[in-house]
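Take a look at the structure set out below.
If you read the sequence from its start, that first residue is 1, and numbering goes on from there.
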Amino acid sequence: MSSEHPIPERAPGPPPTGTAAAPPPDEPAETPFLRLLATGASAEDFERAVLRARAEGAPAGRLAALERAKLLALRVRTELEGRRRREAELSALYATVHDLAGLRDLDAVLRAIVRRARSLLGTEVAYLTLHDPSAGDTYMRVTDGSVSARFQQLRLGMGEGLGGLVAQTARPYVTDSYFHDERFRHTRTIDTGVEDEGLVAILGVPLMLGSGVIGVLFAADRRERVFEHGQIALLAAHAAHAAVAIDTANLLDETRKTLTELEAANEIIRDRSAVIERASDIHDRLTELVLRGGGVQDVADALAEVLRGEVEFAGPDRAPAAALDRSRADGHAVRDGTDWVAAVSAGGEVLGALVLRGHPALDPVDQRTLERAAMVTSLLLLARRSAGEAEQRVRGELLDDLLDAAGRDPRLLRERAARVGANLDAPHIVLAARIEGPPGARADGPQAADTPAGAAPPALAPTPAPAPAPALAPAAAARTGAGYDAAGPVAGADRQRLWSAASHLAATRRGLAAVRDGGAVLLLPLGPGDDPAHAAREVAGRLGAVLHVPVTVGGSAPVTAPAARPAAVADAYAEARRCREALRVLGRGGQGAAAADFGFLGLLLADTRDVDGFVHRTLGAVTDYDARRGTDLLRTLSAYFASGMSPARTKDELHVHVNTVAQRLERVGRLLGPDWQSPARALEIQLALRLHQLSAAVVRPPGA
């Protein structure tokens with residue numbers, strides 16, 4: 001019997017009545033001990049009855065009879081306590097089996113096993129290790145009462161430590177002092193973990209399934225303790241039930257996984273069927289669209305309905321550039337964030353893209369459906385282009401007549417323009433466009449990288465440039481479109497692509513376009529707030545993006561009413577060509593500009609000779625500041641340049657302190673920009689000052 005964990009049978013208190021008195025002499029010796037057994041007295045109470053009789057001088061025979069009765073009563077008491085303890089243990093074991101039978105989750109089963117093991121044996125710690133077939137050892141799976149992180153992460157090889165010995169032999173092992181037990185192999189790692197946890201007495205029993213060990217169940221104390229055979233058997237019985245519960249939980253878990261996999265497979269089959277049906281549906285719809293002459297938007301709407309998403313056709317300038325390039329190069333739809341992009345192209349020309357928005361997880365079959373729709377879209381666009389080329393030729397012939405026949409009847413010009421949707425009584429701008437570089441050069445190459453398309457460039461100053469282009473082709477070649485660039489004749493294919501792109505752009509703007517002098521000329525309407533320089537940069541960017549080559553564009557001053565003044569259109573075209581050639585000579589190929597962008601050189605390029613505009617663009621910030629504040633910055637600026645850009649001589653000229661000159665020049669710098677003293681800007685500013693002075697002298701009355 002173990003005295004480590006006695007099972008109390010009654011609450012502590014005074015001894016039962018009569019235990020202190022010696023039994024009467026005539027009473028049978030067994031009687032007082034039977035009373036003690038009936039009341040559940042302690043072992044000391046049994047001994048006290050004999051001591052009392054000896055103290056009262058009972059005869060030797062009587063004392064011997066009492067001693068025999070006491071020993072017999074104590075044996076009966078021990079047997080009764082053992083049976084009560086076994087009954088309690090069996091009740092707890094049955095309760096454990098009942099609890100384990102109701103669990104379905106493996107983790108919950110393992111936690112319940114360890115917790116019940118600790119409760120059944122009344123130990124301070126209980127833990128469970130499971131076998132790892134791949135590593136050939138066991139690892140710590142669940143602990144209860146453990147406080148050491150190192151102990152909770154232990155792995156035990158076969159034969160290592162007490163648990164390794166249990167797993168290897170498939171037999172229970174117990175030690176009342178772990179570190180002094182030499183029956184199993186000690187390792188530094190395991191001993192360190194056990195020492196961290198402070199364990200001394202350990203009992204381990206195998207978890208068996210058939211003849212195989214799936215793990216080990218432990219009960220341990222942090223002090224020396226002798227585990228009795230009944231306790232070992234109890235933990236072994238608990239481990240047997242636990243192994244069955246683990247196996248059941250594993251089987252249930254595998255069953256759930258199998259059912260989940262089957263459900264996933266069924267879902268995939270259903271999805272595949274739905275995808276095939278959608279692909280067949282879109283194929284039928286696209287075929288019907290082509291046969292009945294549907295448009296690009298019809299394709300996008302049909303695709304959106306089948307793919308259950310938002311589909312948009314985006315032009316080359318609105319489609320995501322990087323994704324469009326990847327799709328065109330790869331020939332497949334590509335993912336762009338949460339969207340999908342399929343390039344719409346024909347003959348190397350990018351016509352746009354179909355963009356499926358907000359659909360990141362696209363099925364491969366749906367991806368091919370998107371690609372097939374892009375091909376149908378390109379066919380529809382080519383068909384539309386073929387139908388529109390006749391209209392473009394009409395537009396080109398009308399623009400040719402405006403450029404070549406200044407005496408055309410304005411009424412006939414208006415009628416022809418109305419048939420193609422143009423209004424030649426509104427202000428227009430003439431743009432001269434030309435492809436730069438060798439065929440196939442990209443618009444984002446080194447030349448085009450100087451200034452982004454659509455962004456205003458700095459004032460263009462003479463810079464070292466390549467040799468000027470050869471003389472323009474004769475007038476006979478102008479109508480045929482033959483021309484030259486620095487590398488030789490412009491390729492016919494590139495010229496055709498430029499004309500096609502320019503004609504499409506002109507048609508969308510209700511303008512006109514034609515091939516001329518190896519390039520293209522456009523006549524586009526100009527709104528009240530539009531700027532010719534901005535329009536030239538925008539057209540250069542759009543044409544370059546469509547053609548994927550640098551396109552240089554020169555713009556003219558506005559033409560008020562082309563129908564009423566056809567000769568002004570020819571003059572504007574000459575101005576646009578001068579601006580275009582100036583860009584090329586200055587090494588600015590692939591950009592767009594008008595005369596206003598060239599600073600004082602614009603006075604030479606423009607037919608209007610807008611002197612006042614040049615002066616205002618150059619000095620307007622200073623003159624406006626003087627007018628608002630009553631300052632004299634313009635006079636200070638003139639004196640500064642007249643004095644050789646010397647503040648000391650400037651202060652003598654103005655009769656002010658040199659600090660005043662410095663402050664005024666600092667204000668000028670903030671108004672004109674930090675580069676106002678650079679050679680190119682200084683030259684423009686000085687020319688503007690002279691022109692301003694001349695203009696003031698002309699309008700100033702004599703004697704003023």
Rounded distance (nearest 0.5 Å) linking atom [atom1] of [X] with atom [atom2] of [Y]:
X: L165; Y: R171; atom1: CG; atom2: CZ; answer: 9.0 Å
X: T175; Y: E224; atom1: OG1; atom2: CD; answer: 8.5 Å
X: Q297; Y: T377; atom1: CD; atom2: OG1; answer: 10.0 Å
X: D132; Y: L156; atom1: CG; atom2: CG; answer: 12.5 Å
X: T129; Y: I214; atom1: OG1; atom2: CD1; answer: 10.0 Å
X: E195; Y: R150; atom1: CD; atom2: CZ; answer: 9.0 Å

Min side-chain heavy-atom separation [X]-[Y] under 4.5 Å:
X: V213; Y: M208; value: yes
X: L154; Y: T189; value: yes
X: R225; Y: Q231; value: yes
X: I190; Y: R185; value: no
X: V344; Y: L354; value: yes
X: R62; Y: L66; value: yes
X: L110; Y: L130; value: yes

For residues 311-318, tabulate all N or O donor-acceptor pairs below 3.5 Å that involve a side-chain atom, not counting sequence neighbours.
residue	atom	partner	partner atom	Å
E312	OE1	R357	NE	3.1
E312	OE1	R357	NH2	2.7
E312	OE2	R318	NH1	2.9
D317	OD2	R542	NH1	2.3
R318	NH2	F313	O	3.3

Checking [X] side chain against [Y] main chain: does a donor-acceptor pair fall under 3.5 Å?
X: S378; Y: M375; answer: yes
X: D176; Y: A201; answer: no
X: S327; Y: H332; answer: yes

Item checked: ring-ring contact (aromatic ring centres under 6.0 Å, His included) contacts in which one or both residues fall within residues 107-139, not counting sequence neighbours -> Y127-F151, Y127-F218
Heavy-atom closest pair, residues [X] and [Y]:
X: L207; Y: A239; answer: CD2-O, 3.3 Å
X: A219; Y: F227; answer: O-CZ, 3.9 Å
X: L203; Y: L162; answer: N-CD2, 4.5 Å
X: A220; Y: I202; answer: CB-CG1, 3.9 Å
X: A374; Y: A343; answer: CB-O, 3.7 Å
X: T123; Y: D221; answer: CA-OD1, 3.3 Å

Check: Can you name the residues that form a side chain to side chain donor-acceptor pair (under 3.5 Å) with R118, not counting sequence neighbours?
Finding: D144
Can you sort out the partners of [X] under side chain to side chain contact (heavy atoms under 4.5 Å, CB included), two or more places apart, ordered by chain and number?
X: R326; answer: A323, V334
X: Q153; answer: none
X: V244; answer: T248
X: A322; answer: none

Next item on the list: Please name all residues satisfying ring pair (Phe, Tyr, Trp, His ring centres under 6.0 Å) with H186, sequence neighbours left out, ordered by chain then number.
Entry: Y178, F184
Under the rule for salt bridge (Lys or Arg N to Asp or Glu O under 4.0 Å), what residues qualify as partners of [X], not counting sequence neighbours?
X: E371; answer: none
X: R183; answer: D181
X: R115; answer: none

Note to self: Show every salt bridge (Lys or Arg N to Asp or Glu O under 4.0 Å) that has at least one partner inside residues 134-143, sequence neighbours left out.
What the structure shows: D107-R141, D137-R155
Note to self: Under a plain distance cut-off of 3.5 Å, with no hydrogens placed, do S146 and Q152 share a side-chain donor-acceptor pair?
What the structure shows: yes
Note to self: Less than 4.0 angstrom from a charged side-chain N to a carboxylate O is my criterion; do E197 and R222 meet it?
What the structure shows: yes
